[in-house]
*Asks:* 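One structure follows; several queries about it will come next.
All heavy atoms count here, side chains included; hydrogens, waters and symmetry mates do not. Atoms within each ligand, like the ligands themselves, are counted from 1 in listed order. Just so it is clear, the structure is predicted and the values come from calculations on it, not from any experiment.
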Amino acid sequence: MEKLQPVRGTRDLIGEDQRRHTQVIDTARRIAALYGFEEWTTPIFEDTRVFSRGLGDTSDVVSKEMYSFTDRGGDSLTLRPENTAGVCRALVSNGLAQANLPRKVFYAGPMFRYERPQKGRYRQFHQIGCEILGAAEPLADAEVIACGWHIQQALGMTEGVVLEVNTLGDAESRDAYREALVAHFSAHATALSADSQVRLAKNPLRILDSKDEGDRKIVATAPDIHPYLTASAAAFYAAVTGYLTAFAVPWRENPRIVRGLDYYSHTAFEFVTDRLGAQGTVMAGGRYDGLVEEMGGPATPSVGWAAGVERLSMLLPEAPPAPRPVAVIPVTEAQEPQALAALRLLRSAGIAAEIGYKGNMKRRMERANRIGARAAVILGEDEVAAGNAQLKDLTTGEQMLVPLAELAALLR
Ligand code: ATP
Ligand code: MG
């Protein structure tokens with residue numbers, strides 16, 4: 001039969017890749033808990049309307065990248081391209097939108113986007129994320145960012161990573177800014193890419209995010225939002241950045257940052273690096289004050305971020321080492337019962353232990369070395385009769401006779 005391959009843009013996580021992946025998620029989960037985030041798991045597919053709300057959607061994610069399909073019952077479903085919408089939908093569907101706000105939610109899991117696969121960009125990828133739901137205060141923006149920075153510090157990967165912050169202001173600021181952008185981009189309309197000409201009509205802010213070379217030149221001379229901010233939007237931004245400094249999170253302003261999805265306001269930020277080539281954004285987020293309402297809930301100002309696990313994994317300074325178990329080796333078949341007893345004893349004591357299923361003593365020693373065992377517990381007839389075992393350190397080659405009763409303590 002023809003050999004089947006993984007689908008384009010998907011990959012298997014095996015060995016070192018899986019260990020990096022696990023390390024990123026475990027670390028993020030641990031640090032997020034320190035900040036009071038509780039973990040939620042929402043479904044991988046949702047009603048398409050959770051992600052796509054009417055014709056106003058101009059983001060690439062919604063307009064071009066979604067994996068949507070009609071299921072056998074005729075419903076339009078979508079593999080989630082991100083988890084913020086699912087978390088907001090869950091807040092509303094579980095009747096949690098009314099009380100006990102703010103809620104701080106952490107999540108981790110696979111996301112799906114139909115994109116051109118390249119290094120750091122896949123069709124199935126994974127995100128970790130933190131959301132603070134139901135907090136309008138700038139301290140929430142700063143705290144969620146501080147948590148993201150802390151996770152990166154705990155992963156030892158902050159070298160060359162910079163936090164860039166911007167504000168998208170409130171509705172009034174954005175209306176004034178949009179007018180200024182339309183004036184600027186209209187003057188260059190014919191030089192814009194086809195995509196950006198569409199954006200000019202629908203959502204000119206999105207042109208700032210364009211990756212097209214020609215567009216980038218026109219973006220370079222576009223006005224910044226800051227002169228168009230209302231006094232309260234400017235005060236909000238000043239408070240967020242002030243709190244960032246108080247949390248000891250280094251940041252710099254980048255007036256070109258807008259978010260890929262349409263429901264953001266005020267704070268927008270990205271952690272970027274030049275260590276990943278074109279896929280330089282590691283963690284990205286912002287404030288979204290209208291999303292829970294769009295899911296049928298009450299007004300619930302919220303802020304959060306998502307980070308690509310594959311990109312974080314690539315930035316880990318080194319892969320976590322493979323586990324090194326203890327190999328239990330019966331010298332002949334007659335010692336198998338004692339070997340199984342030793343195996344049980346070690347595992348109950350929390351020590352990883354392995355046994356080969358077949359082979360003579362030599363074969364079993366070879367296997368112990370092949371799997372990277374740190375020690376071999378060798379059980380021969382004489383040792384077993386005296387309640388002992390030979391304990392061989394496979395790094396140094398040293399060997400000693402030890403009472404079985406002391407084995408676990410010696411190996412811990
Ligand atoms: P990009 O500009 O790289 O396309 P984005 O703005 O689409 O990113 P977000 O929707 O903000 O990304 O997602 C947050 C993070 O998820 C990104 O910063 C990145 O680390 C990761 N990410 C997004 N899309 C992919 C993908 N296709 N493959 C791997 N990681 C991804
Ligand atoms: Mg994208």
*Asks:* For atom 3 (O) of ligand 1, which candidate among Arg116, Gln279, Arg121, Arg123 provides the closest heavy atom?
*Replies:* Arg121

*Asks:* Using modelled atom types only, decide if a donor and an acceptor are shared between the side chain of Arg364 and the backbone of Gly359 within a distance under 3.5 Å.
*Replies:* yes

*Asks:* List ligand 1 atoms under 4.0 Å from Ala284, heavy atoms only on the residue side.
*Replies:* 11 (O)

*Asks:* Within ligand 1, which atoms have a heavy atom of Ala306 less than 4.0 Å away?
*Replies:* 14 (C), 15 (C)

*Asks:* State plainly whether the residues Asp17 and Arg19 are in salt-bridge range, i.e. N to O under 4.0 Å.
*Replies:* no

*Asks:* Between Arg89 and Asp47 (salt bridge meaning N to carboxylate O under 4.0 Å), is one present in this structure?
*Replies:* no

*Asks:* So between Thr281, Asn83, Leu276, Ile128, whose heavy atom ends up nearest atom 18 (O) of ligand 1?
*Replies:* Thr281

*Asks:* If you count the atoms of ligand 1 from 1 in the order shown, which ones are under 4.0 Å from a heavy atom of Val282?
*Replies:* 18 (O), 20 (O)

*Asks:* Is it true that atom CD of Glu333 has more than 12 heavy atoms of other residues, nucleotides or ligands lying nearer than 6.0 Å?
*Replies:* no

*Asks:* Using modelled atom types only, decide if a donor and an acceptor are shared between the side chain of Asn83 and the backbone of Gly86 within a distance under 3.5 Å.
*Replies:* no

*Asks:* Of Glu82, Lys211, Gln127, Arg113, which has the heavy atom at the shortest distance from atom 5 (P) of ligand 1?
*Replies:* Arg113

*Asks:* Show the atoms of ligand 1 that are less than 4.0 angstrom away from any heavy atom in Glu115.
*Replies:* 24 (N), 25 (C), 26 (C), 27 (N)

*Asks:* Tell me, yes or no, whether the heavy-atom count around Glu172 atom CD, taken from other residues, nucleotides or ligands under 6.0 Å, exceeds 12.
*Replies:* no

*Asks:* Using heavy-atom distances only, which candidate in Phe112, Phe125, Tyr122 approaches atom 30 (N) of ligand 1 most closely?
*Replies:* Phe125

